[in-house]
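So the structure is just underneath, and the comments pick up after that.
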Amino acid sequence: MSSRKIVILGGGTAGWMAANLIAKSWCDKDIHVGVVESPDIGIIGVGEGSTPQFKAFMDFIEVPESQWMPKCNATYKNGIRFVNWSTRAGFEQYSHPFPAQPDDYSAPAFFHNSFVRRKGIDLEGHPDPFFLATYLAEHAKAPIAAESFPFEINYGYHFDSGKLGMLLAEKAREFGVEHIQACVQDVRKNTDGTIAALICDKSREVCGDIFIDCSGFSSLLMQQHLQVGFESFENNLFNDSAVVLPTEQGESIASETVSVARKYGWSWHIPLTNRIGNGYVYSSKYCNKDQAETELRAALGLLDSEVEARHLSMKVGQVKEHWHKNCVAIGLSQGFIEPLEATALHIVQETVQSFIECYQEGEFTCQKQGKHNQMMSQRYQAIRDYIVAHYRVNSRTDTNYWRDNANNNSISRSLFNVLNVWVQGKNLSDELDRQDIDKYYPSVSWHCLLAGYGIYPEQHQLVAGNESANVHDINKIREYIRRCGLNFPDHSVQLARSSV
Ligand SMILES: Cc1cc2nc3c(=O)[nH]c(=O)nc-3n(C[C@H](O)[C@H](O)[C@H](O)COP(=O)(O)OP(=O)(O)OC[C@H]3O[C@@H](n4cnc5c(N)ncnc54)[C@H](O)[C@@H]3O)c2cc1C
């Protein structure tokens with residue numbers, strides 16, 4: 001292979017994650033990686049919750065938790081708690097837990113109970129008692145087990161995205177990535193329409209073979225210069241704005257993200273070691289900036305506070321091609337699904353890995369871009385559908401926003417079938433398998449969502465379970481989860497330990 005030059009435009013989390021993954025993966029090849037970043041255009045600076053995938057990323061680039069977590073004010077995340085999305089009695093909140101190996105024993109009981117309850121038999125159908133991560137979150141424990149507990153636990157993190165960016169930039173430079181601080185004003189194209197060079201600061205040219213567009217929502221290369229179209233998701237995901245406000249951290253640090261449904265959207269509450277990051281994601285069609293800020297301030301007890309709020313706009317959807325000519329879009333430039341399940345950095349990682357795989361498979365040419373585009377487009381649609389399901393099954397009636405979401409028929413055929421199978425009392429895992437979508441969100445996630453919202457027959461329609469239906473003793477399951485939980489330290493204690 002002759003030498004290759006890969007130019008990444010943008011030094012946000014997406015740009016630096018891409019730089020690290022590419023430089024580390026191809027450290028034995030003659031590939032030069034450069035990151036061009038404007039010193040004047042800031043990063044979006046939100047994006048503070050991850051999925052367990054982020055641990056795999058840090059492990060891959062060989063940065064231990066003890067090194068990066070204290071520097072980024074990071075905390076552990078066992079999952080996401082959804083509060084007030086459902087008004088159904090007993091189901092006003094639930095947790096979407098990250099998977100843990102001990103769940104292999106308790107999850108089948110949850111699957112069984114939720115199946116039987118859909119048929120009108122009164123068994124415990126709420127997901128919370130069945131999952132270890134939920135127990136850890138409820139008791140503010142860290143997902144780091146004692147050595148004597150030989151089971152795998154998946155977990156994510158919360159972190160300060162600005163500090164994380166700086167740490168990743170430092171690491172990328174160690175991998176030999178060149179850091180160019182310059183503002184891109186134009187591009188020079190080859191006769192076939194591919195990009196030949198970025199033109200910075202009036203005259204400087206940065207040439208390359210492949211250009212990775214990590215320029216954020218502006219999507220400077222992909223959407224502006226190459227004119228690749230955008231598939232908006234606004235018909236089924238209404239939120240297009242956010243307002244962000246930090247609050248002080250208390251003594252006990254939570255080990256989960258909390259998402260609270262509000263009048264025109266929902267607010268996130270993300271615990272870091274030094275503060276709590278809060279933001280209200282809402283639809284500007286239903287409420288204006290001031291209303292949103294006031295509602296969030298009131299909820300946080302900040303009505304009289306001078307803490308400044310940041311307002312953001314979001315463009316929700318995906319580019320029609322994630323890899324076009326010699327340009328690959330990664331991060332906000334490729335698209336965005338609102339942050340309800342904190343999936344954006346997960347998608348960044350998947351996109352970079354897919355690019356690495358396809359570029360290599362195509363012998364370091366663009367031959368396999370069709371495969372990459374198909375994989376990314378399907379991933380976006382599958383994640384979108386899982387997020388849309390939250391809105392579709394909500395039972396709030398307090399504003400038009402929630403009523404319009406619940407009545408919105410602009411949903412994909414795939415999601416329509418998933419919801420139908422659930423309400424008809426059929427086997428949901430079989431349907432996910434049939435559609436081949438459980439690789440994006442596994443069956444347990446879909447079960448937690450639908451059961452967590454209480455999508456069951458009404459309480460008065462349920463009959464008591466007889467012995468043949470009641471095959472799992474819920475008290476034994478609670479006790480099993482509790483005893484597994486004894487192997488885990490308090491979150492604050494673990495954080496203090498890992499910062500030494
Ligand atoms: C409200 C909200 C909440 C979110 N919450 C989460 C979450 O909990 N979890 C999660 O995983 N994700 C979340 N995200 C998404 C996450 O913030 C982004 O995916 C992530 O920060 C990556 O952003 P980026 O690097 O693509 O873009 P940016 O951070 O915007 O970076 C763009 C970069 O491009 C550079 N640039 C732009 N134009 C030029 C130019 N002309 N010349 C040179 N450089 C240029 C800028 O200087 C900057 O370095 C959230 C997003 C929003 C909007």
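Numbering of ligands and ligand atoms starts at 1, following listing order.
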Does ligand 1 have a heavy atom under 4.0 Å from the side chain of V281, from its backbone, from both, or from neither?
neither
Check ion pair [X]-[Y] (N to O, under 4.0 angstrom):
X	Y	result
D160	R275	yes
E62	K171	no
R81	E138	yes
E293	K289	no
E295	R262	no

Can you see whether R4 engages H32 through a side-chain donor-acceptor pair at a distance of less than 3.5 angstrom?
no
Is it the case that the side chains of H158 and E48 hold a donor-acceptor pair, with the cut-off being a distance below 3.5 Å and no angle test?
no
Number the atoms of ligand 1 from 1 as they appear, then name those within less than 4.0 Å of a heavy atom of [X], with their elements.
X	result
T13	21 (O), 25 (O)
I41	38 (N), 39 (C), 40 (C), 41 (N), 46 (C), 47 (O)
G10	33 (C), 34 (O), 35 (C), 49 (O)
S38	42 (N), 43 (C), 44 (N), 45 (C), 47 (O)
G12	25 (O), 29 (O), 31 (O), 33 (C), 49 (O)
A242	1 (C)
E48	7 (C), 8 (O)
A14	22 (C), 24 (P), 25 (O), 26 (O)

For this output row, return yes or no: ring centroids of [X] and [Y] closer than 6.0 angstrom.
X	Y	result
Y359	H372	no
H96	W446	no
W85	Y391	yes

Closest non-hydrogen protein atom to [atom], residue and atom name please, with distance?
atom	value
atom 26 (O) of ligand 1	L332 N, 2.9 Å
atom 42 (N) of ligand 1	V184 N, 2.9 Å
atom 14 (N) of ligand 1	G47 CA, 3.7 Å
atom 51 (C) of ligand 1	F336 CZ, 3.3 Å
atom 27 (O) of ligand 1	G216 CA, 3.5 Å
atom 15 (C) of ligand 1	A344 CB, 3.4 Å
atom 30 (O) of ligand 1	I44 N, 3.4 Å
atom 11 (O) of ligand 1	L345 N, 2.9 Å

Decide whether the shortest distance between a heavy atom of [X] and an atom of ligand 1 is less than 4.0 Å.
X	value
C183	yes
W268	yes
A182	yes

N or O contact, [X] vs ligand 1, cut-off under 3.5 Å:
X	result
I43	no
G49	yes
G11	yes
G331	no

Here's one to test your reading of the geometry: is the NZ or CZ of [X] within 45 degrees of the ring axis of [Y] and under 6.0 Å from its centre?
X	Y	value
K163	F159	no
K315	F230	yes
K285	F238	no

Holding to ring pair (Phe, Tyr, Trp, His ring centres under 6.0 Å), I want the full list of residues that pass it with Y155, two or more places apart in sequence or in another chain.
Y76, Y157
Please compare S215, S50, G277, P339 and report which has the shortest non-hydrogen distance to atom 36 (N) of ligand 1.
S215
Which is closest to atom 17 (O) of ligand 1 in terms of heavy atoms, V46, L220, I8?
V46
Residues forming a side-chain contact (heavy atoms from CB on, under 4.5 Å) with P99, sequence neighbours excluded
N154
